[in-house]
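Heads up: the structure comes next, in structure tokens.
Letters go in sequence order (proteins before strands), and every chain restarts at 1. Here the structure is a predicted model, which means the values were calculated and not measured.
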Amino acid sequence: MNNLIRRIALAALALASFSAVAKDIELLNVSYDPTREFYREVNTAFAAQWQRDHGDAVRVQTSHGGSGKQARAVIDGLGADVVTLALAFDIDAIVDKAKLLPPDWQKRLPHNSAPYTSTIVLLVRKGNPKGIKDWGDLVKPGVSVITPNPKTSGGARWNHLAAYAYALKNNGGDVAQAKAFLAALYRNVPVLDTGARGATTTFAQRGIGDVLLAWENEAFLAQQELGPDQFEIIVPSLSILAEPPVALVDRNVDRRGTRKVAEAYLAFLYSPEGQRLAAKHYYRPREPQHAAAADVARFPTLELVTIDGAFGSWAKAQAEHFADGGIFDQIYAPR
Amino acid sequence: MSAVLDLDTTTNAPPPASRARRVMPGFGLTLGYSVAWLSLIVLIPLAGVFIKTSELGFDGLLRVWTDARVLAALQLSFGTAFVAGAFNALAGTLVAWVLVRYEFPGRRMIDGLIDLPFALPTAVAGIALTALYAGNGWVGQWLTPLGIKVAYAPLGIIVALVFVGLPFVVRTLQPVLAEARVELEEAAATLGATRLQTLRKVLLPTLYPAMLTGFALAFARGVGEYGSVIFIAGNLPRVTEIAPLLIVIKLEEFDYAGATAVAAAMLLLSFVLLFAINLLQAFAARRAGRVR
């Protein structure tokens, strides 16, 4: 009996000390699929810095998933302090549907609120047996292409738009021909996974497809994790400048009283240390002078179109390509 | 389900005294609990589906329901669930038969294995099945040269649904088989019935209702199954895109009303089908009762 009382006392003590820890700051970063490794390291580094400068312990939790799904979770009430998603449209959706942050959010931080960028490259099997050199090779008969579903995956939307931008450029801006190019490309797609990671798995583990359209960082990671003797990265003649944006979720941080630390967290991404970590995890840093030279040297130079330059804006690209009845739906509509 | 209960009451009927005293205490309270609980857990969320759908108006609803992609997805979901349920009704009955009628070493072990599809997270099942049946998988590499494509084809969806649906049939059949009296079969044999006749006229009539229940459970589970299927299906619009995935896609497009419209269609179709199965089952149970 005595023993029992002692145990209860101990449990109460443990609970009390736990709630003391819980008073320390917790941040929730809602992010997209392939940023796991990067933010794991950022969170540790930021917590160490904050503790050094302010003495408080910060624990940053990160949630990952398809970008659109993550945005919907925030809209439906997931209490994100910051969002770091795959494309600006998904953060715009949070503005539109839930009004958790102001419409001009993208102007609040430098570089369109994207502390790092990426692009879309082609990952092929070792030796490049199908001789794939550029987007044009993807529509050849007998070439099997793996890309996720652009309805559910942010990365897939960048893939889709990069291919479209290439087709437009090669056809002198003929929209009908560019659409036909995309239709031919999707005819070569045997599987539409729901997210970028799923597509990588299908390509790498299941051995399906000759080429994977992938985030540059995901392609590097796949090569590194699964062996450089298995895959080669093919840099196309033209691709798209992918700007995965970050933003403070004002309503949530004000409610939780975490505005200061959340702002510092986002600023940390722009700091020399944040930029160095981005390059280390295969994201192109905005300020390469802060990154390790060897990391920066891994990024090939290629012609990159921007969303605003080639498509006007994300809202326009979304409406034209991925909305209900858009170009993607037309491709799969019954003929 | 009622068939199973009927059979139970024939053997474990309570003493007549308690049946005669019709007023069991606590009826009002327990009924109140049941209704309140059912409303909270089942009816209110389902009502939400229809309220959200009503935002579309009649024209919008009709547009969603007649969309070729939605129709293809519904057809795929219900079609594969039906085939998988029917397959399970036969294969599951056989498994239940072996487990009930024979004693053999490792029987308990196999009996335990049956429940695995219940317990296993469906995503795990989906990934495992995909790894097995993909072109480079253990099984897939032998099927591909024969021109049989399982993973990333409708056949793969059926395989996944057979996996998740099996325990429903086996667990429904087992008690019924255990109750089916061997004496009846022996009597049939002494009266000169052939084995096939015994099976058709004596055994199967008692099993039909339970088989139908098992089929209905496996079918209902298959229609709504998401986790295991999306890995093996391939998710190509109008080819291997199941209705639950289409709902998720519509949600991801922030088309909440469209998503609930598809959900409402699934609900109505499921209800109609399950109702029909129940009628069929009542009919079979009545027939079984007459035969006996």
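- With a 4.5 angstrom heavy-atom cutoff, A:Lys97 touches chain B only via side-chain atoms.
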ring-ring contact (aromatic ring centres under 6.0 Å, His included) between B:Phe78 and B:Phe82, worked out
CA-CA 6 Å; B:Phe78 282 88; B:Phe82 187 89; over 10 Å; no
Can you check salt bridge (charged side-chain N to carboxylate O under 4.0 Å, His left out) on B:Arg171 and B:Asp111, steps first, answer last?
CA-CA 10 Å; B:Arg171 289 292 179 246; B:Asp111 195 50; 3.2 Å; yes
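- Note: B:Leu236 leads B:Leu236, B:Ile127, B:Ile249 in heavy-atom pairs under 4.5 Å with chain A.
- Here B:Phe215 and B:Phe168 keep their ring centres 6.0 angstrom or further from each other.
- Residue contact with chain A, scored on non-hydrogen atoms closer than 4.5 Å, involves the backbone and the side chain of B:Thr130 alike.
- Contacts between B:Tyr133 and chain A at a heavy-atom distance below 4.5 Å are absent for every atom of the residue.
- A cation-pi geometry, defined here as NZ or CZ lying under 6.0 Å from the six-membered ring centre and within 45° of its normal, does not hold between A:Arg197 and A:Tyr32.
- With no hydrogens or angles considered, no side-chain donor-acceptor pair links A:Asn159 and A:Trp215 at under 3.5 Å.
- Only the side chain of B:Leu245 comes within less than 4.5 Å of a heavy atom of chain A; its backbone N, CA, C and O stay farther away.
- A:Gln318 does not touch chain B: none of its heavy atoms, backbone or side chain, sits under 4.5 Å away.
- Looking only at heavy-atom pairs under 4.5 Å with chain B, the residue among A:Gln205, A:Lys151, A:Arg72, A:Lys69 that has the most is A:Arg72.
- For A:Tyr186, no part lies under 4.5 angstrom from a heavy atom of chain B.
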Determine, step by step, whether A:Asp33 and A:Arg36 satisfy the salt bridge (charged side-chain N to carboxylate O under 4.0 Å, His left out) criterion, reporting the C-alpha distance in whole Å, the side-chain angles of both residues, the deciding distance to 0.1 Å, and the verdict.
CA-CA 7 Å; A:Asp33 221 4; A:Arg36 289 159 217 268; 2.6 Å; yes
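- In this structure, chain B has a heavy atom under 4.5 Å from the side chain of A:Asp329, while its backbone stays farther away.
- For A:Phe322 and A:Phe89, the ring centers are positioned 6.0 Å apart or more.
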